[in-house]
Amino acid sequence: MTPYAERRARLAARMQPGAVAVLATAPEVLRNGDSDYPYRHDSYFYYLTGFTEPDSVLALVAAQGEQPARAILFCREKHLEREIWEGFRYGPEAAKAEFGVDEAFPIGELDAHMARLLANAPSLYYPLAHGAALDAQVGGWLKAVRAQGRSGVTAPATTHHLLDILDEMRLLKDAHEAGVMGRAAAISAQAHVRAMRASRPGMFEYEIEAELLHEFRRNGAQFPAYTPIVASGANACVLHYNANNRRVLDGELVLIDAGCELDGYASDITRTYPVNGRFSAPQQALYELVLQAQAAAFRAIMPGRPYSAMHDAAVQVLAQGMLDLGLLDKAKYGSVENAIAERAHLQFYMHGTGHWLGMDVHDVGAYRDTTLADKPSRPLAPGMALTVEPGIYVRPAPGVPEQFWNIGIRIEDDVIVREDGCLILSAAAPKAVDEIAALMREA
Ligand code: GLY
Ligand code: MN
Ligand code: MN
(Lines give C-alpha, C1' and ligand atoms only; values in the text may rest on other atoms or scores of the structure.)
(Ligands and ions follow the chains in the order given, each with its own letter.)
Protein backbone atom coordinates (compact mmCIF):
# COMPACT_ATOMS: atom_id res chain seq x y z
CA MET A 1 0.00 0.00 0.00
CA THR A 2 1.38 3.47 -0.87
CA PRO A 3 1.63 6.02 1.96
CA TYR A 4 -1.18 7.94 0.25
CA ALA A 5 -3.52 4.91 0.17
CA GLU A 6 -2.63 4.19 3.78
CA ARG A 7 -3.56 7.79 4.76
CA ARG A 8 -6.82 7.60 2.81
CA ALA A 9 -7.66 4.38 4.66
CA ARG A 10 -6.93 6.03 8.01
CA LEU A 11 -9.07 9.04 7.13
CA ALA A 12 -11.93 6.82 5.92
CA ALA A 13 -11.77 4.84 9.17
CA ARG A 14 -12.34 8.08 11.12
CA MET A 15 -15.40 9.05 9.07
CA GLN A 16 -19.00 8.11 9.65
CA PRO A 17 -19.88 4.90 7.72
CA GLY A 18 -20.99 5.74 4.18
CA ALA A 19 -20.03 9.42 4.54
CA VAL A 20 -18.32 11.29 1.72
CA ALA A 21 -15.22 13.51 1.96
CA VAL A 22 -14.21 15.92 -0.77
CA LEU A 23 -11.00 17.88 -1.21
CA ALA A 24 -9.77 20.04 -4.11
CA THR A 25 -6.18 20.88 -4.95
CA ALA A 26 -4.91 24.49 -5.21
CA PRO A 27 -5.81 26.72 -8.17
CA GLU A 28 -3.26 28.08 -10.63
CA VAL A 29 -2.55 31.73 -9.82
CA LEU A 30 -1.76 34.47 -12.30
CA ARG A 31 1.33 36.51 -11.43
CA ASN A 32 1.06 39.13 -14.15
CA GLY A 33 0.29 39.30 -17.83
CA ASP A 34 0.17 35.76 -19.17
CA SER A 35 2.56 34.48 -16.53
CA ASP A 36 1.46 32.23 -13.64
CA TYR A 37 3.21 31.76 -10.31
CA PRO A 38 5.02 28.42 -10.34
CA TYR A 39 2.26 25.91 -9.63
CA ARG A 40 2.15 24.45 -6.12
CA HIS A 41 -0.44 21.79 -5.25
CA ASP A 42 -2.55 21.96 -2.08
CA SER A 43 -0.76 20.25 0.81
CA TYR A 44 -3.83 18.36 2.11
CA PHE A 45 -4.72 17.11 -1.35
CA TYR A 46 -1.15 15.95 -1.96
CA TYR A 47 -1.07 14.23 1.43
CA LEU A 48 -3.96 11.99 0.36
CA THR A 49 -3.10 11.48 -3.31
CA GLY A 50 0.53 12.21 -4.21
CA PHE A 51 -1.01 13.86 -7.30
CA THR A 52 0.46 17.23 -8.34
CA GLU A 53 -1.67 18.35 -11.32
CA PRO A 54 -3.95 21.38 -10.97
CA ASP A 55 -7.74 21.07 -11.54
CA SER A 56 -8.03 17.93 -9.44
CA VAL A 57 -10.47 16.83 -6.76
CA LEU A 58 -10.49 13.78 -4.50
CA ALA A 59 -13.70 12.22 -3.21
CA LEU A 60 -13.53 9.53 -0.57
CA VAL A 61 -16.49 7.36 0.42
CA ALA A 62 -16.16 5.69 3.84
CA ALA A 63 -16.89 1.97 4.16
CA GLN A 64 -20.41 0.92 5.06
CA GLY A 65 -21.50 -2.65 5.76
CA GLU A 66 -20.12 -4.87 3.01
CA GLN A 67 -19.09 -1.84 0.91
CA PRO A 68 -15.34 -1.08 1.27
CA ALA A 69 -14.10 2.52 1.27
CA ARG A 70 -13.60 4.03 -2.20
CA ALA A 71 -11.32 6.79 -3.48
CA ILE A 72 -12.36 8.69 -6.60
CA LEU A 73 -10.06 11.12 -8.40
CA PHE A 74 -11.26 13.84 -10.76
CA CYS A 75 -8.55 15.28 -13.01
CA ARG A 76 -7.82 16.92 -16.35
CA GLU A 77 -8.45 14.84 -19.45
CA LYS A 78 -5.72 13.96 -21.91
CA HIS A 79 -5.54 16.73 -24.51
CA LEU A 80 -3.01 16.47 -27.31
CA GLU A 81 -2.98 20.15 -28.21
CA ARG A 82 -2.73 21.40 -24.62
CA GLU A 83 -0.01 18.85 -23.92
CA ILE A 84 2.01 20.23 -26.85
CA TRP A 85 1.91 23.69 -25.23
CA GLU A 86 1.88 22.85 -21.51
CA GLY A 87 3.28 19.37 -21.13
CA PHE A 88 2.19 15.93 -20.01
CA ARG A 89 -0.98 15.29 -18.07
CA TYR A 90 -2.06 11.87 -16.83
CA GLY A 91 -5.74 11.83 -17.73
CA PRO A 92 -8.17 9.77 -15.64
CA GLU A 93 -7.21 6.34 -16.97
CA ALA A 94 -3.47 6.59 -16.36
CA ALA A 95 -4.01 8.50 -13.10
CA LYS A 96 -6.17 5.67 -11.77
CA ALA A 97 -3.46 3.11 -12.51
CA GLU A 98 -0.57 5.25 -11.30
CA PHE A 99 -2.08 6.70 -8.12
CA GLY A 100 -4.02 3.64 -6.97
CA VAL A 101 -7.48 5.20 -6.70
CA ASP A 102 -10.58 3.07 -7.24
CA GLU A 103 -12.07 5.27 -9.94
CA ALA A 104 -11.03 8.36 -11.91
CA PHE A 105 -13.13 10.73 -14.02
CA PRO A 106 -12.63 13.95 -16.01
CA ILE A 107 -12.86 17.03 -13.79
CA GLY A 108 -15.67 18.33 -16.03
CA GLU A 109 -17.88 15.52 -14.70
CA LEU A 110 -17.37 16.47 -11.05
CA ASP A 111 -20.81 18.02 -10.44
CA ALA A 112 -22.70 15.08 -11.91
CA HIS A 113 -20.69 12.51 -9.92
CA MET A 114 -20.89 14.44 -6.66
CA ALA A 115 -24.68 14.60 -6.89
CA ARG A 116 -24.62 10.81 -7.34
CA LEU A 117 -22.10 10.14 -4.57
CA LEU A 118 -23.87 12.37 -2.06
CA ALA A 119 -27.27 10.77 -2.63
CA ASN A 120 -28.18 8.96 0.62
CA ALA A 121 -24.77 9.68 2.21
CA PRO A 122 -25.27 10.46 5.93
CA SER A 123 -22.76 13.31 6.06
CA LEU A 124 -20.22 15.33 4.09
CA TYR A 125 -16.65 16.12 5.16
CA TYR A 126 -15.03 19.06 3.41
CA PRO A 127 -12.83 22.10 4.19
CA LEU A 128 -15.55 24.31 5.68
CA ALA A 129 -15.31 27.96 4.64
CA HIS A 130 -11.87 27.33 3.14
CA GLY A 131 -12.67 28.91 -0.20
CA ALA A 132 -15.75 30.59 -1.62
CA ALA A 133 -15.58 28.49 -4.81
CA LEU A 134 -15.81 25.15 -3.01
CA ASP A 135 -18.50 26.42 -0.62
CA ALA A 136 -20.62 27.41 -3.62
CA GLN A 137 -19.98 24.09 -5.34
CA VAL A 138 -20.98 22.14 -2.24
CA GLY A 139 -24.18 24.18 -2.05
CA GLY A 140 -24.92 23.26 -5.66
CA TRP A 141 -24.33 19.53 -5.09
CA LEU A 142 -26.58 19.47 -2.02
CA LYS A 143 -29.31 21.29 -3.93
CA ALA A 144 -29.07 18.75 -6.73
CA VAL A 145 -29.40 15.86 -4.27
CA ARG A 146 -32.36 17.46 -2.49
CA ALA A 147 -34.06 17.88 -5.85
CA GLN A 148 -34.28 14.08 -6.00
CA GLY A 149 -36.17 14.05 -2.69
CA ARG A 150 -39.45 12.90 -4.19
CA SER A 151 -37.88 9.62 -5.27
CA GLY A 152 -36.84 8.98 -1.68
CA VAL A 153 -33.22 10.14 -1.98
CA THR A 154 -31.83 11.86 1.13
CA ALA A 155 -29.13 14.50 1.24
CA PRO A 156 -26.33 14.54 3.88
CA ALA A 157 -27.82 15.92 7.10
CA THR A 158 -24.52 17.14 8.56
CA THR A 159 -21.21 18.55 7.43
CA HIS A 160 -17.88 18.12 9.21
CA HIS A 161 -14.72 20.16 8.95
CA LEU A 162 -12.39 17.80 7.09
CA LEU A 163 -9.24 19.75 7.89
CA ASP A 164 -9.53 19.22 11.66
CA ILE A 165 -9.01 15.49 11.10
CA LEU A 166 -6.28 15.98 8.51
CA ASP A 167 -4.40 18.51 10.66
CA GLU A 168 -4.05 15.96 13.44
CA MET A 169 -2.97 13.25 10.98
CA ARG A 170 -0.40 15.56 9.35
CA LEU A 171 1.06 16.52 12.71
CA LEU A 172 2.47 13.01 13.19
CA LYS A 173 4.89 12.33 10.37
CA ASP A 174 4.98 8.78 9.01
CA ALA A 175 8.19 7.06 7.90
CA HIS A 176 7.80 8.23 4.30
CA GLU A 177 7.47 11.85 5.40
CA ALA A 178 10.38 11.63 7.84
CA GLY A 179 12.53 10.30 5.00
CA VAL A 180 11.66 13.14 2.61
CA MET A 181 12.08 15.75 5.36
CA GLY A 182 15.50 14.34 6.20
CA ARG A 183 16.57 14.69 2.56
CA ALA A 184 15.14 18.22 2.31
CA ALA A 185 17.02 19.28 5.44
CA ALA A 186 20.24 17.69 4.16
CA ILE A 187 20.05 19.66 0.89
CA SER A 188 19.36 22.88 2.80
CA ALA A 189 22.25 22.21 5.16
CA GLN A 190 24.54 21.75 2.17
CA ALA A 191 23.23 25.03 0.73
CA HIS A 192 24.14 26.86 3.95
CA VAL A 193 27.64 25.37 3.77
CA ARG A 194 27.95 26.55 0.18
CA ALA A 195 26.77 30.05 1.11
CA MET A 196 29.26 30.30 3.99
CA ARG A 197 32.10 29.12 1.76
CA ALA A 198 31.23 31.64 -0.98
CA SER A 199 30.85 34.63 1.36
CA ARG A 200 33.36 37.45 1.15
CA PRO A 201 33.22 41.02 2.48
CA GLY A 202 31.93 43.32 -0.25
CA MET A 203 29.50 40.81 -1.78
CA PHE A 204 25.84 41.66 -2.13
CA GLU A 205 23.31 39.70 -0.11
CA TYR A 206 21.68 38.50 -3.34
CA GLU A 207 24.94 36.96 -4.50
CA ILE A 208 24.89 34.81 -1.38
CA GLU A 209 21.19 34.04 -1.99
CA ALA A 210 22.12 32.81 -5.47
CA GLU A 211 24.48 30.24 -3.91
CA LEU A 212 21.60 28.87 -1.81
CA LEU A 213 19.19 28.66 -4.73
CA HIS A 214 21.84 27.00 -6.88
CA GLU A 215 22.41 24.28 -4.31
CA PHE A 216 18.67 23.69 -3.76
CA ARG A 217 17.96 23.26 -7.44
CA ARG A 218 20.99 21.23 -8.40
CA ASN A 219 19.91 18.67 -5.81
CA GLY A 220 16.40 18.39 -7.23
CA ALA A 221 14.51 20.57 -4.75
CA GLN A 222 11.61 22.12 -6.65
CA PHE A 223 11.33 25.43 -4.77
CA PRO A 224 12.61 27.38 -1.80
CA ALA A 225 10.13 26.51 0.98
CA TYR A 226 9.77 30.28 1.64
CA THR A 227 11.49 33.47 0.48
CA PRO A 228 15.11 33.23 1.65
CA ILE A 229 16.38 35.80 4.14
CA VAL A 230 19.98 36.92 3.62
CA ALA A 231 20.39 39.71 6.15
CA SER A 232 23.71 41.39 6.82
CA GLY A 233 24.56 43.80 9.59
CA ALA A 234 21.55 45.69 10.96
CA ASN A 235 19.22 43.93 8.48
CA ALA A 236 19.42 40.86 10.72
CA CYS A 237 17.33 42.75 13.28
CA VAL A 238 14.42 42.90 10.79
CA LEU A 239 12.76 39.54 11.38
CA HIS A 240 11.17 39.14 7.94
CA TYR A 241 13.79 41.02 5.92
CA ASN A 242 14.03 39.62 2.41
CA ALA A 243 15.05 42.45 0.08
CA ASN A 244 18.52 40.83 0.08
CA ASN A 245 20.04 43.78 -1.81
CA ARG A 246 22.66 45.25 0.53
CA ARG A 247 26.44 45.02 0.26
CA VAL A 248 27.94 43.07 3.18
CA LEU A 249 30.74 44.92 4.92
CA ASP A 250 33.86 43.45 6.47
CA GLY A 251 33.34 42.68 10.15
CA GLU A 252 29.59 42.13 9.84
CA LEU A 253 27.50 39.05 10.51
CA VAL A 254 25.26 37.46 7.89
CA LEU A 255 22.01 35.84 9.00
CA ILE A 256 20.65 33.37 6.46
CA ASP A 257 17.20 31.85 6.97
CA ALA A 258 16.64 29.57 4.01
CA GLY A 259 15.33 26.10 3.30
CA CYS A 260 14.25 24.17 0.24
CA GLU A 261 11.03 22.36 -0.50
CA LEU A 262 11.69 18.83 -1.73
CA ASP A 263 8.85 16.68 -3.07
CA GLY A 264 6.29 18.73 -1.18
CA TYR A 265 8.14 18.95 2.17
CA ALA A 266 9.76 22.04 3.68
CA SER A 267 13.00 22.53 5.51
CA ASP A 268 13.76 25.69 7.48
CA ILE A 269 17.32 26.43 8.60
CA THR A 270 18.97 29.59 9.93
CA ARG A 271 22.68 30.13 10.37
CA THR A 272 24.49 33.31 11.37
CA TYR A 273 28.19 33.76 10.65
CA PRO A 274 30.83 36.48 10.23
CA VAL A 275 31.32 37.35 6.57
CA ASN A 276 35.10 37.38 7.08
CA GLY A 277 35.08 34.11 9.03
CA ARG A 278 36.05 35.65 12.40
CA PHE A 279 33.58 36.64 15.14
CA SER A 280 34.36 39.84 17.04
CA ALA A 281 34.19 39.51 20.85
CA PRO A 282 30.69 41.02 21.21
CA GLN A 283 29.39 39.03 18.24
CA GLN A 284 30.78 35.84 19.72
CA ALA A 285 29.34 36.54 23.17
CA LEU A 286 25.83 36.87 21.76
CA TYR A 287 26.33 33.97 19.36
CA GLU A 288 27.41 31.57 22.10
CA LEU A 289 24.42 32.65 24.16
CA VAL A 290 21.97 31.78 21.36
CA LEU A 291 23.76 28.48 20.84
CA GLN A 292 23.39 27.66 24.54
CA ALA A 293 19.71 28.60 24.40
CA GLN A 294 19.23 26.23 21.48
CA ALA A 295 21.00 23.40 23.34
CA ALA A 296 18.67 23.95 26.31
CA ALA A 297 15.67 23.91 23.97
CA PHE A 298 16.79 20.60 22.43
CA ARG A 299 17.05 19.05 25.91
CA ALA A 300 13.45 20.07 26.60
CA ILE A 301 12.14 18.15 23.59
CA MET A 302 10.94 14.79 24.85
CA PRO A 303 7.74 12.80 24.34
CA GLY A 304 5.26 13.71 27.06
CA ARG A 305 6.76 17.14 27.74
CA PRO A 306 4.70 20.12 26.60
CA TYR A 307 5.50 21.82 23.30
CA SER A 308 6.08 25.06 25.22
CA ALA A 309 8.90 23.59 27.34
CA MET A 310 11.53 24.26 24.68
CA HIS A 311 10.55 27.92 24.45
CA ASP A 312 10.64 28.29 28.22
CA ALA A 313 14.08 26.65 28.32
CA ALA A 314 15.43 28.95 25.59
CA VAL A 315 13.99 32.08 27.22
CA GLN A 316 15.53 31.13 30.57
CA VAL A 317 19.02 30.94 29.03
CA LEU A 318 18.60 34.04 26.85
CA ALA A 319 17.22 36.20 29.65
CA GLN A 320 20.02 35.15 32.00
CA GLY A 321 22.54 36.04 29.27
CA MET A 322 20.89 39.41 28.70
CA LEU A 323 21.36 40.19 32.39
CA ASP A 324 24.95 38.91 32.46
CA LEU A 325 25.97 40.85 29.32
CA GLY A 326 24.31 44.06 30.47
CA LEU A 327 21.59 44.13 27.81
CA LEU A 328 19.13 44.11 30.69
CA ASP A 329 19.77 46.05 33.86
CA LYS A 330 20.53 43.57 36.69
CA ALA A 331 19.92 46.24 39.32
CA LYS A 332 16.46 46.92 37.90
CA TYR A 333 15.27 43.34 37.42
CA GLY A 334 17.15 41.45 40.13
CA SER A 335 16.52 37.83 39.20
CA VAL A 336 16.10 36.18 35.80
CA GLU A 337 12.65 35.00 36.93
CA ASN A 338 11.63 38.59 37.54
CA ALA A 339 13.04 39.78 34.21
CA ILE A 340 11.00 37.09 32.42
CA ALA A 341 7.88 37.85 34.47
CA GLU A 342 8.18 41.48 33.44
CA ARG A 343 8.69 40.36 29.84
CA ALA A 344 11.92 42.37 29.65
CA HIS A 345 13.54 39.78 27.34
CA LEU A 346 11.01 40.61 24.60
CA GLN A 347 13.06 43.71 23.73
CA PHE A 348 15.72 41.39 22.26
CA TYR A 349 13.85 38.10 21.72
CA MET A 350 10.36 38.76 20.43
CA HIS A 351 9.41 35.54 18.63
CA GLY A 352 8.59 31.97 19.57
CA THR A 353 11.26 29.27 19.62
CA GLY A 354 9.72 27.20 16.82
CA HIS A 355 6.74 25.87 14.97
CA TRP A 356 5.49 22.62 13.47
CA LEU A 357 7.25 21.77 10.21
CA GLY A 358 6.04 19.57 7.37
CA MET A 359 4.53 20.14 3.95
CA ASP A 360 3.97 23.75 5.00
CA VAL A 361 6.90 25.55 6.58
CA HIS A 362 4.56 26.67 9.36
CA ASP A 363 2.80 23.34 9.38
CA VAL A 364 -0.67 22.47 10.58
CA GLY A 365 -1.66 20.94 13.92
CA ALA A 366 -2.91 22.45 17.16
CA TYR A 367 -0.34 23.76 19.62
CA ARG A 368 -2.71 23.50 22.56
CA ASP A 369 -4.99 20.83 23.96
CA THR A 370 -8.27 22.58 23.35
CA THR A 371 -10.30 19.79 24.98
CA LEU A 372 -9.13 21.01 28.40
CA ALA A 373 -10.56 24.15 29.99
CA ASP A 374 -7.23 25.97 30.36
CA LYS A 375 -6.00 24.85 26.92
CA PRO A 376 -2.48 23.85 27.99
CA SER A 377 0.41 23.43 25.55
CA ARG A 378 0.07 19.94 24.11
CA PRO A 379 2.48 17.15 25.00
CA LEU A 380 5.04 16.19 22.37
CA ALA A 381 4.83 12.75 20.77
CA PRO A 382 7.15 10.72 18.52
CA GLY A 383 6.68 11.72 14.87
CA MET A 384 6.04 15.43 15.48
CA ALA A 385 8.40 17.63 13.47
CA LEU A 386 9.33 21.14 14.54
CA THR A 387 11.91 23.87 14.26
CA VAL A 388 14.09 25.07 17.14
CA GLU A 389 15.08 28.66 16.46
CA PRO A 390 16.14 30.92 19.31
CA GLY A 391 17.69 34.27 18.49
CA ILE A 392 18.70 37.67 19.77
CA TYR A 393 18.23 41.01 17.99
CA VAL A 394 19.78 44.16 19.41
CA ARG A 395 18.48 47.44 18.03
CA PRO A 396 20.22 50.62 19.18
CA ALA A 397 18.47 51.99 22.26
CA PRO A 398 19.35 54.04 25.33
CA GLY A 399 20.90 51.89 28.05
CA VAL A 400 21.89 49.12 25.63
CA PRO A 401 25.69 48.66 25.45
CA GLU A 402 26.83 50.09 22.12
CA GLN A 403 29.13 47.18 21.32
CA PHE A 404 26.02 45.00 20.73
CA TRP A 405 24.08 47.45 18.59
CA ASN A 406 22.69 46.11 15.29
CA ILE A 407 23.75 42.54 15.96
CA GLY A 408 21.03 40.04 15.02
CA ILE A 409 21.53 36.31 15.49
CA ARG A 410 19.26 33.30 14.99
CA ILE A 411 20.17 29.62 14.89
CA GLU A 412 17.44 27.35 13.53
CA ASP A 413 17.35 23.58 13.11
CA ASP A 414 14.70 21.06 12.10
CA VAL A 415 13.94 18.11 14.39
CA ILE A 416 11.65 15.12 14.64
CA VAL A 417 10.53 13.95 18.07
CA ARG A 418 11.69 10.41 18.80
CA GLU A 419 11.08 8.04 21.74
CA ASP A 420 14.24 9.23 23.49
CA GLY A 421 14.31 12.93 22.59
CA CYS A 422 14.72 14.46 19.18
CA LEU A 423 16.55 13.73 15.95
CA ILE A 424 18.16 16.83 14.39
CA LEU A 425 17.62 16.66 10.63
CA SER A 426 19.72 19.72 9.76
CA ALA A 427 22.84 18.91 11.79
CA ALA A 428 25.11 18.99 8.71
CA ALA A 429 25.00 22.80 8.65
CA PRO A 430 27.88 23.81 10.97
CA LYS A 431 27.14 26.11 13.88
CA ALA A 432 29.94 25.84 16.46
CA VAL A 433 32.21 28.90 16.37
CA ASP A 434 35.34 26.86 15.55
CA GLU A 435 33.53 24.79 12.89
CA ILE A 436 32.38 27.94 11.11
CA ALA A 437 35.84 29.48 11.35
CA ALA A 438 37.47 26.31 9.96
CA LEU A 439 34.98 26.03 7.08
CA MET A 440 35.46 29.63 6.05
CA ARG A 441 39.25 29.45 6.36
CA GLU A 442 39.44 26.55 3.91
CA ALA A 443 37.05 28.23 1.46
N1 GLY B 1 11.59 30.81 7.87
C2 GLY B 1 10.40 31.00 8.55
C3 GLY B 1 10.55 30.72 9.97
O4 GLY B 1 11.66 30.58 10.44
O5 GLY B 1 9.61 30.56 10.67
MN1 MN C 1 11.16 28.61 11.28
MN1 MN D 1 13.36 30.00 9.29
Side-chain angles (χ1 to χ4, degrees), residues 40 43 170-171 173 177 181-182 184-196 205-206 208-209 211-213 215-216 221-232 235-244 253-262 264-273 287 290-291 293-294 297-298 300-301 307-308 310-311 313-315 318 346 348-365 367 380 384-393 408-417 422-431:
R40 169 56 157 77
S43 296
R170 282 177 54 182
L171 181 56
K173 273 65 186 176
E177 297 185 287
M181 289 182 72
I187 293 171
S188 297
Q190 213 172 303
H192 278 263
V193 169
R194 184 187 180 102
M196 280 183 201
E205 293 163 343
Y206 53 72
I208 301 175
E209 180 184 3
E211 299 293 330
L212 298 160
L213 298 177
E215 197 66 21
F216 292 168
Q222 291 84 355
F223 311 102
Y226 51 92
T227 307
I229 295 172
V230 181
S232 61
N235 288 341
C237 295
V238 179
L239 296 178
H240 291 165
Y241 173 80
N242 59 24
N244 301 355
L253 294 178
V254 182
L255 182 158
I256 297 180
D257 185 344
C260 68
E261 178 179 305
L262 177 73
Y265 284 82
S267 52
D268 182 6
I269 302 178
T270 307
R271 290 292 183 266
T272 310
Y273 60 94
Y287 187 86
V290 176
L291 208 51
Q294 199 199 33
F298 285 143
I301 297 174
Y307 168 80
S308 58
M310 69 152 181
H311 179 65
V315 164
L318 288 171
L346 291 180
F348 308 108
Y349 183 48
M350 58 298 276
H351 61 74
T353 302
H355 47 83
W356 304 133
L357 180 72
M359 289 186 283
D360 299 332
V361 65
H362 290 180
D363 209 33
V364 297
Y367 288 89
L380 294 173
M384 291 178 176
L386 56 145
T387 66
V388 184
E389 49 179 306
I392 198 159
Y393 314 90
I409 291 165
R410 176 164 66 258
I411 305 172
E412 175 174 30
D413 281 285
D414 303 343
V415 311
I416 290 204
V417 182
C422 67
L423 173 68
I424 303 175
L425 302 176
S426 45
K431 60 188 169 185

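Remember, predicted model here, so these are calculated numbers, not experimental data. Read the numbers this way: they start at 1 and go in the same order the structure lists the ligands and their atoms.
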Please determine, by modelled atom types, if [X] and [Y] share a side-chain donor-acceptor pair under 3.5 angstrom.
{"X": "T387", "Y": "D268", "value": "no"}
{"X": "N242", "Y": "Y226", "value": "no"}
{"X": "H351", "Y": "Y393", "value": "yes"}
{"X": "S426", "Y": "D414", "value": "no"}

Excluding sequence neighbours, so at least two apart, what forms salt bridge (Lys or Arg N to Asp or Glu O under 4.0 Å) with R40?
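Listed in chain order: E261.
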Can you name the residues that form a salt bridge (Lys or Arg N to Asp or Glu O under 4.0 Å) with E209, not counting sequence neighbours?
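Partners of E209 by the salt bridge (Lys or Arg N to Asp or Glu O under 4.0 Å) criterion come out as none, since no residue qualifies.
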How are the rings of H362 and H355 set relative to one another: parallel (under 30°), tilted (30 to 60°) or perpendicular (over 60°)?
tilted
Sort by chain and number the protein N/O/S atoms found under 2.8 Å from the Mn ion (ligand 2).
D268 OD2, H355 NE2, E389 OE2, E412 OE2
Once you restrict both partners to nitrogen or oxygen, which atoms of ligand 1 have a protein partner under 3.5 Å, and how far apart are they?
from, atom 1, to, atom 2, distance (Å)
ligand 1, 1 (N), D257, OD1, 3.3
ligand 1, 1 (N), D257, OD2, 3.2
ligand 1, 1 (N), D268, OD1, 3.1
ligand 1, 4 (O), D257, OD2, 3.3
ligand 1, 4 (O), D268, OD1, 3.4
ligand 1, 4 (O), D268, OD2, 3.2
ligand 1, 4 (O), E389, OE1, 3.1
ligand 1, 4 (O), E412, OE1, 3.4
ligand 1, 4 (O), E412, OE2, 3.2
ligand 1, 5 (O), H355, NE2, 3.0
ligand 1, 5 (O), H362, NE2, 2.7

Do any N or O atoms from the side chain of Q294 and from the backbone of V388 form a donor-acceptor pair under 3.5 angstrom?
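Side chain of Q294 to backbone of V388: a pair is present.
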Could you check whether any side-chain N or O of R271 sits under 3.5 Å from a backbone N or O of A429, counting only pairs where one atom can act as donor and the other as acceptor?
yes
